[in-house]
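Only this structure's heavy atoms are used, side chains among them; waters, hydrogens and symmetry mates stay out. Only a predicted model underlies this, so the values are computations on that prediction, with no experimental measurement involved.
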Amino acid sequence: MKIKSKFWIEVGGSPVFGRGKRCLLEAIDKCGSINQAAKEIKMSYRKAWGHLNAMEGRLGIKLIERKAGGKDGGGAALTENARNFLKKYRQLERGLQHTVDERFKKIFEGKKL
């Protein structure tokens with residue numbers, strides 16, 4: 001047996017950040033483009049854009065520096081605030097997952113159901 005769990009952050013009762021949005025920011029960082037990031041994680045551009053706007057609004061911080069397209073193409077990069085937020089979220093995620101895993105082992109491992 002194995003335990004699976006999901007964690008997310010809410011602001012005012014609305015979800016603002018979790019694994020999927022972490023993956024979106026990581027893909028933007030890797031690709032340098034919201035459009036390419038959305039394709040990489042199999043999300044529509046419109047949905048990615050909506051997630052970014054909602055995250056920035058609910059968190060009250062700018063996460064992405066956007067460069068409009070044109071002759072030289074557009075692009076996107078994570079702000080320093082986004083990098084700091086991601087770092088903290090990853091720490092939280094690892095810590096929570098470790099706690100859940102340990103608790104699961106303590107309760108279920110080697111015991112009859």
Side-chain angles (χ1 to χ4, degrees):
M1 283 192 299
K2 189 175 183 181
I3 185 96
K4 295 285 189 177
S5 56
K6 288 185 178 183
F7 310 106
W8 61 89
I9 297 172
E10 292 184 356
V11 173
S14 297
V16 68
F17 204 81
R19 182 180 171 270
K21 292 171 184 162
R22 173 183 52 81
C23 291
L24 174 60
L25 289 184
E26 290 171 341
I28 291 169
D29 194 33
K30 176 184 168 193
C31 298
S33 159
I34 297 169
N35 191 34
Q36 288 302 313
K39 287 178 185 175
E40 183 165 303
I41 64 169
K42 296 174 179 39
M43 179 184 288
S44 75
Y45 176 78
R46 181 179 176 165
K47 187 172 184 176
W49 190 258
H51 282 324
L52 291 169
N53 285 330
M55 284 188 288
E56 288 182 336
R58 291 179 187 149
L59 291 172
I61 60 173
K62 189 170 181 151
L63 297 170
I64 305 293
E65 291 291 340
R66 298 160 178 95
K67 179 182 168 192
K71 187 180 98 175
D72 299 321
L78 299 186
T79 64
E80 196 59 34
N81 282 334
R83 291 182 191 287
N84 290 334
F85 187 84
L86 263 177
K87 181 180 177 184
K88 290 176 182 180
Y89 183 81
R90 286 182 193 122
Q91 288 174 329
L92 175 68
E93 196 174 43
R94 279 191 304 271
L96 289 172
Q97 191 59 57
H98 176 74
T99 300
V100 169
D101 291 344
E102 290 301 310
R103 182 94 171 132
F104 178 78
K105 284 179 193 175
K106 182 178 178 185
I107 294 171
F108 283 95
E109 196 170 276
K111 298 183 181 176
K112 292 183 181 183
L113 295 179

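- Checked against ring-ring contact (aromatic ring centres under 6.0 Å, His included), Phe7 has no partners two or more places apart in sequence or in another chain.
- Of the residues Lys21, Arg22, Lys88, the one that meets the salt bridge (charged side-chain N to carboxylate O under 4.0 Å, His left out) test with Glu93 is Arg22.
- At least one donor-acceptor pair closer than 3.5 Å links the side chain of Glu56 to the backbone N or O of Ile64.
- Once rounded to the nearest 0.5 Å, the distance linking CD1 of Ile61 with CD of Glu80 reads 11.0 Å.
- When every heavy atom of Ser5 is checked against every heavy atom of Gln97, the shortest pair comes out as OG-OE1, 3.2 Å.
- Atoms CZ and CG, on Phe17 and Leu63 in that order, are 7.5 Å from each other to the nearest 0.5 Å.
- Counting non-hydrogen atoms of neighbouring residues, nucleotides and ligands closer than 6.0 angstrom, the CZ atom of Arg19 reaches no more than 12 such neighbours.
- The number of heavy-atom neighbours closer than 6.0 Å to CZ of Arg103, taken from other residues, nucleotides and ligands shown, is 12 or below.
- Evaluation of the salt bridge (charged side-chain N to carboxylate O under 4.0 Å, His left out) rule for Lys105 yields Glu102 as partners, not counting sequence neighbours.
- Nearest heavy-atom pair, Tyr89 versus Gly18, reported as atom, atom and distance to 0.1 Å: OH-CA, 3.3 Å.
- With rounding to the nearest 0.5 Å, the separation of NZ in Lys30 from CG in Leu78 is 13.5 Å.
- Shortest non-hydrogen contact noted between Ala37 and Leu24 is CB-O, 4.3 Å.
- Put simply, CD on Glu40 and OG on Ser33 are 10.5 Å apart, with the number rounded to the nearest 0.5 Å.
- In this structure, CG in Leu25 is found 9.0 Å from OG1 in Thr79, a value given to the nearest 0.5 Å.
- Rounded to the nearest 0.5 Å, atoms CG (Asp101) and CG (Leu96) are 11.0 Å apart.
- Summarising the geometry of Arg58 relative to Val11, their closest heavy-atom pair is O-CG1, 3.6 Å, with the distance given to 0.1 Å.
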Candidate pair Ile41 and Glu26, rule side chain to side chain contact (heavy atoms under 4.5 Å, CB included), full reasoning: CA-CA 10 Å; Ile41 64 169; Glu26 290 171 341; over 6 Å; no
